[in-house]
Structure formats: structure tokens, C-alpha cells
Amino acid sequence: MPDRDDELTLSRKVKLKRLTDNGIDPYPPRYTRTSPISDAIENFESIDSPDCTSQNEQSVSLSGRIMSIRSMGKASFLDIRDASGTIQTLMRQNVLEQSYETLKDIDIGDFIGVTGTVMRTRTGQITVDTKEFVVLSKGLRPLPEKWHGLRDVEIRYRQRYLDLIANPQVKDTFVQRGKIIKGIRDFFDDRGFIEVDTPIMVPVAAGAHARPFITHHNALDQQLYLRIATELYLKRLIVGGFDKVYELGRVFRNEGIDQDHNPEFTLLESYEAYADYFSVMTMVEEMVSKIATDIFGSAKIPFDGHIIDFSPPWAKLDLREELLARSGIDIDEYPDDHSLTQVARNKGLDVGPLESRGRLIDKLLSTYVEPNLIQPTFLLDYPEDMSPLAKAKKDQPGYVERFEAFAAGMEIANSYTELNDPVVQRERFESQEKIRDIYEDDEVDRKDEDFLTSIEYGMPPTGGLGMGIDRLVMLLTGQASIRDILLFPQMRSINEQQNSEDLE
RNA sequence: GGCCCGCUAGCUCAAUUGGCAGAGCAACUGACUCUUAAUCAGUAGGUUCUCGGUUCGAUCCCGAGGCGGGUCACCA
């Protein structure tokens, strides 16, 4: 934001100076209000009847930001807003006397505290009949327009505080987000899970297919990465004897930004010993439907023109069969990357010269299957090629016990019966490293030697879950863009010096 | 990264074929003691995102760049 003193901020600075010149502290350290605004309104409504007018004489002190001013000379109405609500205040010259003059130095956007009695105006509006008021904070910049609000999406994201002030429904979405996250915590806590915090800065960025952010620790003189998943640390805790753990944490993936990708996002992961992907499936259904019902009053949630019904049980589809039905391709008939590349190209897919079988299947799924999964659906039994951390299916070579959950065409959860055979796990890591080399794909999962050591001590059979919380919040709150459920989505910096340097 | 769209007063938006850049809100001055998008009268406010080009003349046309949005690619 340019700091030039335009006319509007200048006028506010003049008023600020006048306030201090008159001995008024425009930024007093504290203010004691008798209640939030909503409580005062409710309290008044509960006693507001003609036969107990004496109660109405009880004085209240309320505080908030001035949202509008309607001045009629010797009387003015100011609407003030706090987090709980908005109330009108009436300022009258004959009541306030000389302090009425201070109103001249008050602007929309300033914070004030008012003391007076609650009453109704002739038009029935609940109003504080102000006996005295104090300035709590003088604003130097004008607020966005009161009627149209703030529409410029760039400013809404870059200066979210303005968005929150000007567009109250935006705040509701973030309140709901908080409730959803609390609902998840309650759900796991009630089931005996322990919430843990594992490292964000890690020596090996493993546990998912993604490129990491790189950083450096000076004292250790060591390259570190920002985690791309919490998986391998949580499984170490299963080895260590936590039978039920979860982490609700931020992970970081160095990739593109669009409506459902932000470089940092909130990931829920849980691991439960002696569970498998079937029991995790049941848990996911129960959790999401419970949260939807608890917070939104129904398991049926409108999203993007659909009504998504999260009531269990969700549809369960076999991955191979579903892909065959949607695309006509039976992946079992194409056991290597060359043949699968050929058939995918024949279908008109944009396939690079060198793509691994796992990546090709992923591409087929996102083209033919995932967009059609509008109602909550589990896709079951993934090929081993794209699941290095999942346990093989006993009776189905080449497949693992894994599901992903989809709704509105978006992936919302990923789960498997965890691979706990250290020898097989080592082989899987090695083959991933080979894939990384052969296909020059630096997103392929990395080998974590310390994790291998841990499971060599023995890890019990375990069911694991990963769930993208931002996408879940999008679905439940009806927001089509991840930027509308992240308070501060990642944006390119505006730095004029930087830009001019780039030009050189 | 490709393609498409947008960027005009603090905010929301106009501007004819390329011909003096406007309105509402906000601000300022004045009137007004029950208004509520208060009202009424007046005033002020612009690097039209930036740089360059075409032209007598550019918000408008052309080129390069910046930022954002959409979309495809990439990516869970």
C-alpha cells in the first residue's frame, strides 16, 4: 500500500491531532465494556415491555467499530459493531454537551466506547441513548464502501482484514472452518486418539509424491526440507507404542497454485494400530457425516449446484473396474509403462515421453473417474506402482489395500493398510528411487532410512488416513476456491524494487 | 508455462469511432434533535497498473512488462 498522504488520510490525521490537542487519548490502553453488543440487545429484548420500563434505565457500556454515521446537526446516529453484532447509538447535543463537539473528529472506521441506556427509537430500532463516549482507536485510512463492500478479489486476499470488515459473510466461513477443525479434534479425542506434533523441518521430505521446499539450518550447517506429509513420523510413533495418534498440521508442497491447491495446507493424518483400511473407511464416513450434521444441521450439503449427501454408507467402487467402465482401459492388460502410454495416447491423453505406470494410471483416473465422483465415494484397491507405503492385497498381485475418498470430484481422503514389512518397504523405496532416476521425476517419494530402521523394530498392523482439511472445509462451506477458506492464501509479493531488479 | 479476461478517485462502477475522464458512497464546507444506503446545498479529489510505440490528439489502437482472475498443462 502506498503511504502517500492523500486527502482522505490527511483529513483523519488533522482530526487525530485535534483530539490530542483537546487532551483526548486517541489510543487509550483499555476499555471496560459491560458486555458484547449481542448480549446487550438480548438483555434489552428480554425485559422490553411497557410494564417494566424502570429496568431499561440500567446503563450499559458497549464498544466497537463505527460502521456508519447519520448526523442531523444536533443529534447523530452511529452504528457500532463488535464481533457479536451491531447496535445503533444515539448522540444528542443536549445530553453530551461539549463532548458532542468531539464527534466532528470521529470517522467511520474508528473504535469508540459508549455508555448509556438501551431504548427503542420511534421506528422501533434498539439504540443506546449515549450519555458519554470515548475514543478507543482512531483509524487513519477510510474503510471500503459500505453498500457494495469490497469486491476486488486481489485486495480481498491481500488485505483480508478489509474483506472481513466489509463482507461479514466471509467471517462466517472462517468461523465455520474453526468449528470443523474443532469437530475433527473432538471426534478423534473421543475415540482415544492422542494428538501429536511432529517436525515440520525434516532431513528427508518423504511420505508423499511432491516436491518440497528447501531450507537450511545454520548451526547444523545442514539442508532441511519443509515436510510434505506427517506420515513417516506418525508411524514411528505407532512403532513406539502409541496405538492411536493423529496430527492436524500444516504441510508444504512446492507446486502450482489454483482453486484447490495452496503451497501450504492443513493435513489431517491418523494412524491406528490393529485397524485396517476397512475400519478407516467406516471412521471417515462417520466423522464427515457427524461434522456436517453437528455444524450445518444436516449431512446433505449444497455444493456447486449439487446436494452432496455425506450420510453413511458412501459408495464403494473398485478402482480397476471403475476405470475400465469409464475409459474402456483395463490396466491389468497393460502391465508396463510403454503399453499403457500407447493406449492412453490412443485415447487422446497428453502423455509425456517418459512417464511411470503409476503416474499414467493417476492421469487416467483424474481424467475418466474422479470428475464423476460427485457423491461421496470410496475408490478401492490401488495399483502398487502408485502406493509405495501401502500393504499388498493378499489375493490380488500388484494391488494394495488402499482407498481414496472423493466428493464433488475432489479427493478428500487417502488411506491404506500400512505396509509394516520392513524388507518389502525397503524394496518399495528402492524402486521409487529408481523411478525417480529413470523418469527424472523429483516428486517421487523418497527413501527415509531412519523410518526403515524404526519399522525394522516391528510395527503392528495399522490403518492410516490422510485428509485434506482445506478441501473438506471447501465442501462443507460451499466455497469453490481454496482461497476463500484460507485466511491468507499465498500471493505473489508486490515489491516494486524487486520488479525493477528483475528487469535488469 | 500456454490461452482468455480484468486493472479508471479511498471503495463500487461509467466513459460514444481515438476528441476536455464522470457518477454514487467516503472526504471537506454549510443546514438539520428519531435517522437507518438519512436528506438538502456546495467544494475538492486522477501517474486511467508501468514503460514504449502509432497519432494533431490514446482510458480506448499496437508492443513489452507487472499484478490478479479463469482455463489448460502441472499437481493430490
Side-chain angles (χ1 to χ4, degrees), chain A residues 1-2 4-12 14-15 67-79 86-96 100 104 107-109 119-127 129 139-159 162 165-166 208-211 228-229 251 253-263 265 267 349-352 355 359 362-363 365-366 370 386 404-406 409-414 441 443 466-468 470-471 480-483 489 491-496 498-500 502-503:
Chain A
M1 281 274 95
R4 66 199 169 94
D5 276 326
D6 58 36
E7 181 196 325
L8 294 167
T9 57
L10 198 61
S11 130
R12 284 159 184 259
V14 167
K15 292 174 180 177
M67 299 309 294
S68 65
I69 299 175
R70 294 174 295 282
S71 173
M72 280 145 304
K74 297 187 179 64
S76 300
F77 291 94
L78 283 68
D79 294 338
T86 303
I87 194 166
Q88 177 172 267
T89 67
L90 172 59
M91 313 275 188
R92 290 184 288 183
Q93 190 180 49
N94 61 338
V95 175
L96 294 171
Y100 191 80
K104 285 183 184 163
D107 287 295
I108 291 172
M119 57 146 196
R120 273 187 203 277
T121 60
R122 282 172 205 161
T123 51
Q125 175 97 25
I126 294 175
T127 299
D129 187 12
L140 296 182
R141 295 178 188 266
L143 292 185
E145 202 229 9
K146 63 182 173 187
W147 189 241
H148 297 94
L150 182 66
R151 298 216 174 140
D152 184 319
V153 289
E154 185 171 351
I155 299 177
R156 287 186 50 223
Y157 297 148
R158 287 190 192 276
Q159 296 176 274
L162 291 180
I165 294 167
H209 284 62
R211 265 183 295 180
I228 58 174
V251 298
R253 299 186 181 178
N254 204 340
E255 47 202 37
I257 296 174
D258 61 29
Q259 289 136 303
D260 39 38
H261 292 84
N262 194 66
F265 62 98
L267 181 65
L349 256 67
D350 182 16
V351 177
E355 299 205 24
R359 182 180 274 271
D362 192 25
K363 201 168 261 188
L365 287 173
S366 33
E370 295 175 8
M386 51 197 297
E404 290 194 340
F406 297 86
M410 280 195 295
E411 182 211 335
I412 57 172
N414 179 20
D441 183 351
E443 285 157 8
M467 184 179 263
D470 305 288
R471 289 182 185 175
S481 170
I482 199 169
R483 298 183 193 98
M491 302 284 276
R492 194 184 292 272
S493 301
I494 302 177
N495 184 333
E496 286 179 28
Q498 181 75 47
N499 292 344
S500 57
D502 288 347
L503 290 174

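Order of the sequence lines sets the chain letters (A, B, ...), proteins ahead of strands, with each chain counted from 1. All values below were derived from every heavy atom in this structure, side-chain atoms included, with hydrogens, water molecules and symmetry-related copies excluded.
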A.B. asks: By the definition side chain to side chain contact (heavy atoms under 4.5 Å, CB included), identify the one residue from A:Glu411, A:Glu404, A:Met386 that meets it with A:Leu365.
C.D. replies: A:Met386

A.B. asks: Scan A:Lys104 against the nucleic acid and name what it touches under 4.0 Å (heavy atoms): base, sugar-phosphate only, or nothing.
C.D. replies: nothing

A.B. asks: Do A:Gln88 and B:U35 share a donor-acceptor pair, side chain to base, under 3.5 Å?
C.D. replies: yes

A.B. asks: For B:A31, does either OP1 or OP2 sit under 4.0 Å from a side-chain N or O belonging to A:Lys74?
C.D. replies: no

A.B. asks: All N/O contacts under 3.5 Å from nucleotides 22-26 of chain B to the protein, with atom names and distances to one decimal?
C.D. replies:
unit_1, atom_1, unit_2, atom_2, d
B:G24, N2, A:Glu145, OE2, 3.4
B:A26, OP1, A:Lys146, NZ, 3.2

A.B. asks: Examine B:U71: is either OP1 or OP2 under 4.0 Å from a nitrogen or oxygen in the side chain of A:Gln259? Give yes or no.
C.D. replies: yes

A.B. asks: Measure the distance from CG on A:Asp258 to C1' on B:G69 and round it to the nearest whole Å.
C.D. replies: 12 Å

A.B. asks: With both distances under 3.5 Å as the test, what is the Watson-Crick or G-U wobble partner of B:G18?
C.D. replies: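 Check on B:G18: unpaired, no WC or wobble geometry under 3.5 Å.
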
A.B. asks: If only side-chain N and O atoms of A:Lys363 are considered, is one of them under 4.0 Å from the OP1 or OP2 phosphate oxygen of B:A73?
C.D. replies: no

A.B. asks: Mind checking A:Arg158 for me? I need base, sugar-phosphate or nothing, with any heavy atom below 4.0 Å counting as a touch.
C.D. replies: sugar-phosphate

A.B. asks: Establish, with yes or no, whether the OP1 or OP2 oxygen of B:C67 is under 4.0 angstrom from a side-chain nitrogen or oxygen of A:Arg492.
C.D. replies: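 A:Arg492 to B:C67 OP1/OP2: side-chain N or O found under 4.0 Å.
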
A.B. asks: Report the residue from A:Arg158, A:Arg151, A:Arg156 that forms a salt bridge (charged side-chain N to carboxylate O under 4.0 Å, His left out) with A:Glu154.
C.D. replies: A:Arg158

A.B. asks: Using the P atoms only, state how far B:A23 lies from B:A44, rounded to an integer number of Å.
C.D. replies: 11 Å

A.B. asks: Tell me whether the side-chain N/O atoms of A:Arg70 come closer than 4.0 Å to OP1 or OP2 in B:U35.
C.D. replies: no

A.B. asks: Taking B:C49 as the reference, what is the distance to B:C7 when you measure between their C1' atoms (whole Å, please)?
C.D. replies: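 To the nearest whole Å, 6 Å.
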
A.B. asks: Using a heavy-atom cut-off of 4.0 Å across all strands, would you classify A:Glu255 as base, sugar-phosphate, or nothing?
C.D. replies: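 It contacts sugar-phosphate atoms only.
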
A.B. asks: For the C1' atoms, the ones on B:A15 and on B:C60, what distance do you get once it is rounded to whole angstrom?
C.D. replies: 10 Å

A.B. asks: With C1' as the reference atom in both, quote the distance from B:G18 to B:C3 in angstrom, rounded to an integer.
C.D. replies: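 Per the computed distance, 28 Å lies between those C1' atoms.
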
A.B. asks: To the nearest Å, give me how far apart OH (A:Tyr157) and P (B:G70) are.
C.D. replies: 7 Å

A.B. asks: Under 4.0 Å, heavy atoms only, any strand: does A:Met410 hit a base, just the sugar-phosphate, or nothing?
C.D. replies: nothing

